[in-house]
Each structure stands twice: as C-alpha cells, then as structure tokens.
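So the structure is just underneath, and the comments pick up after that.
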Amino acid sequence: MIVTTEKLFEAAYGKYAIGAYNINNLEQTMGLFRGCIDSKAPFIIQISKGARSYTHKNMLEALIRAADEIFPEAVFAVHLDHGDEATCMDCIQSGFYSSVMIDASHEDFDKNIEITRRVVEAAHARGIVVEAELGQLGGVEEHVQVSEADAHLTDPETAKEFVERSGCDSLAVAIGTSHGAYKFSGSQALRFDILSEIQKKLPGFPLVMHGSSSVPQEEVERINAAGGQLKGAKGVDATQFRRAAELGVTKINIDTDGRLVWTRVHREFFKEHPENFDLRPPGKEFMAAYAKFIAEKNDYLGSAGELDAVWKLIKG
Ligand code: 13P
C-alpha cells in the first residue's frame, strides 16, 4: 500500500529510521519488496531523475504497481529523490508519487526557501509531502555533483526558520556524510553534535540523512577480486543509524550499497561462468542477494519487525 511518509515518520520518530532505497529496474524492485516483507519493515522507494529517464518515467511506476499487487502486505512511500522544481511538479501532477524531494540546497538561503515553498504549495494541494535540503553534502549522486570545497554542514541556527518559511514536511541535513562510494578519507566523522542541535531547534520534526551507504569492505574486496577497481571506497558505519534515529532522523537514504551488491553479483557470476550469456541466472542471484541486503539494512535501521505496528497506525 502506498502511503505518504507522514504516517511512517509518525510511527518511527525517535525510535528507528525508515530505509529509503533507490531503484532503477525490475530486479531491484522485486528484491526490495521481498527484503522488506521478509524483515517485516515499512520502507520508502526512491526514484531519482536519472531512474525516471533510464527507460521511461512510466516504467518504474508500472513495476511498483505490480509489486504492490504481488506483495499486498507491503507499506511504502514512493518518493522522488533530489528533484529540481520541474521534476517535482511533474511527479506531483502524475498522481503516483506520495512524496517529493526538492533539492535547492545549492541556492542561497532565501532562494532555497522560495523554490521549496512553491513545490510545497503544489504538493500539499494534492496531499503529497515534501522533503527539502539545507546544507550541502559532498560527493556524486547522478546529476548532483558537489565538490568537497562546496559541501557544507547544516547550520542549526537557520534550520527552524527554513522549515517554518518553506513549509516543508521533512528536512535533509548535512552532518558529514556524502553521496557515493568514497565518503571518508580517514575515519568517519558523523556530526551528532550538530544533529542534536538541529533536533533541539526542531523537536519532533522528521530529519533525513542522505549519503548513508556503508560501502562494506568485504563487498569492495569481492568486486575487486572479480575484476573491479574500487580503490579507497569507504562508507558510514551502519551501527550509527540507531543513534541518528534517536536524534530525530526518520529516513536514511541508501543507494550506493545496492549498486555494489549488483556489481558484485554480476562480476562474480560472469567470472565463474565465462561461457554464460543468459541474463536470468545472475538476475535471480541478484534478486535474492538484494533481498537479503535490504533485510539486513532494515535490522540496522530498526525498521525490521515494525510493519504490523505501522498497519495498525494506518488503519487507525
Ligand atoms: P549513498 O550514495 O550513500 O547510497 O546515498 C544515497 C542518497 O543519499 C540518495 O539520495
């Protein structure tokens, strides 16, 4: 069942975080639903601008509707990840998305508010919720590329004003993570002090952590052993998710780790079966591996086992 993130955040706030997973194709869609049902977790499907245009913007919509029929017990939001204003408006008008992210974080404070406000007005008129971003993460996420020099952490002093003036429903904050597989050159440094300050200014307000892939070293080593060349890749320690949740983070975004699973499965499969040219055997392996990966993430997030409680909340 498709819901807005509002109900999910209400259930999760202060206790656990909902996993927000990017999908691009059939195999990821099936693996995601299977993993969330196996672990009994509510979840958020993230669709980026690039994912919408990978085949056709209607294709993922059709896949998700089919998955919703195949897994009627699933509860999830459908969310546009890192939208510009035009893409947000298109998703709002489509009637399919229950949540959009407007990312105007590269603009100055007032311009960010002005753009976010326009999207909020259009979205709320149709019962859709809006995530906005204040501060800027470094790294690469499709069309969003931010150098370390341009990245800056969220200023807790301005967060409240931003939320009040923009009317957004949740806020993505920059607290030291970055997009992609190369997050930290030394040891990781999540700024829980800043997160705690933001929570004090915005008690009860849902916060979002982008750039939260863990980039497991075992996965990187297996990819490299099967011909990959990922050097110095590093991510966020997943055992920190619960602490972030206690400080008001209700949505944690994970994309890169899913791509690593895809890369590992396919590299190893074709290395071990060089004579093979069938797409279904590695596809099946990937769906099972992706489902397992999702269930494990949901355990770290604390969302595993929460599905029944969310159903109760929705049914009132
Ligand atoms: P990762 O690159 O760490 O998976 O982050 C994804 C993300 O934040 C999508 O918005």
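Atoms within a ligand are numbered from 1 in the order they appear, just like the ligands themselves.
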| request: Would you please indicate if the ring centroids of F76 and F33 are separated by under 6.0 Å? | output: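 So the answer is yes for these two rings.
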| Can the ring centroids of F269 and F286 be said to lie less than 6.0 angstrom from one another? | no
| task | Kindly check if the number of other-residue, nucleotide or ligand heavy atoms within 6.0 Å of OH (Y54) is above 12? | result | no
| said: Surrounding CD of Q229 (heavy atoms of other residues, nucleotides or ligands, distance under 6.0 Å), is the total greater than 12? | reply: no
| When you look at R259 and D255, which way does the salt bridge (charged side-chain N to carboxylate O under 4.0 Å, His left out) test go after all the steps? | CA-CA 7 Å; R259 298 182 196 209; D255 180 14; 2.8 Å; yes
| task | Give the C-alpha distance, both sets of side-chain angles, the deciding distance and a yes or no for salt bridge (charged side-chain N to carboxylate O under 4.0 Å, His left out) between K292 and D38. | result | CA-CA 9 Å; K292 184 168 170 278; D38 286 352; over 6 Å; no
Please list, in number order, the atoms of ligand 1 under 4.0 Å from a heavy atom of [X].
X    : result
H210 : 8 (O), 10 (O)
G211 : 1 (P), 3 (O), 5 (O), 7 (C), 8 (O)
H179 : 2 (O), 5 (O), 6 (C), 7 (C), 8 (O), 10 (O)
I254 : 4 (O)
H82  : 10 (O)

| task | Indicate, as side chain, backbone, both or neither, the part of A181 found under 4.0 angstrom from ligand 1 when only non-hydrogen atoms are considered. | result |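 Neither part.
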| query | Taking non-hydrogen atoms only, is T256 closer than 4.0 angstrom to ligand 1 via side chain, backbone, both or neither? | reply |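 Both backbone and side chain.
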| task | Could you tell me whether R117 and E114 make a salt bridge, using a distance below 4.0 angstrom between a side-chain N and a carboxylate O? | result |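 No.
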| field | Short N or O distance, D257 and ligand 1, threshold 3.5 Å exclusive | value |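 Between D257 and ligand 1, no N or O pair is found under 3.5 Å apart.
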| So is there a nitrogen or oxygen of N22 less than 3.5 Å from a nitrogen or oxygen in ligand 1? |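 Between N22 and ligand 1, no N or O pair is found under 3.5 Å apart.
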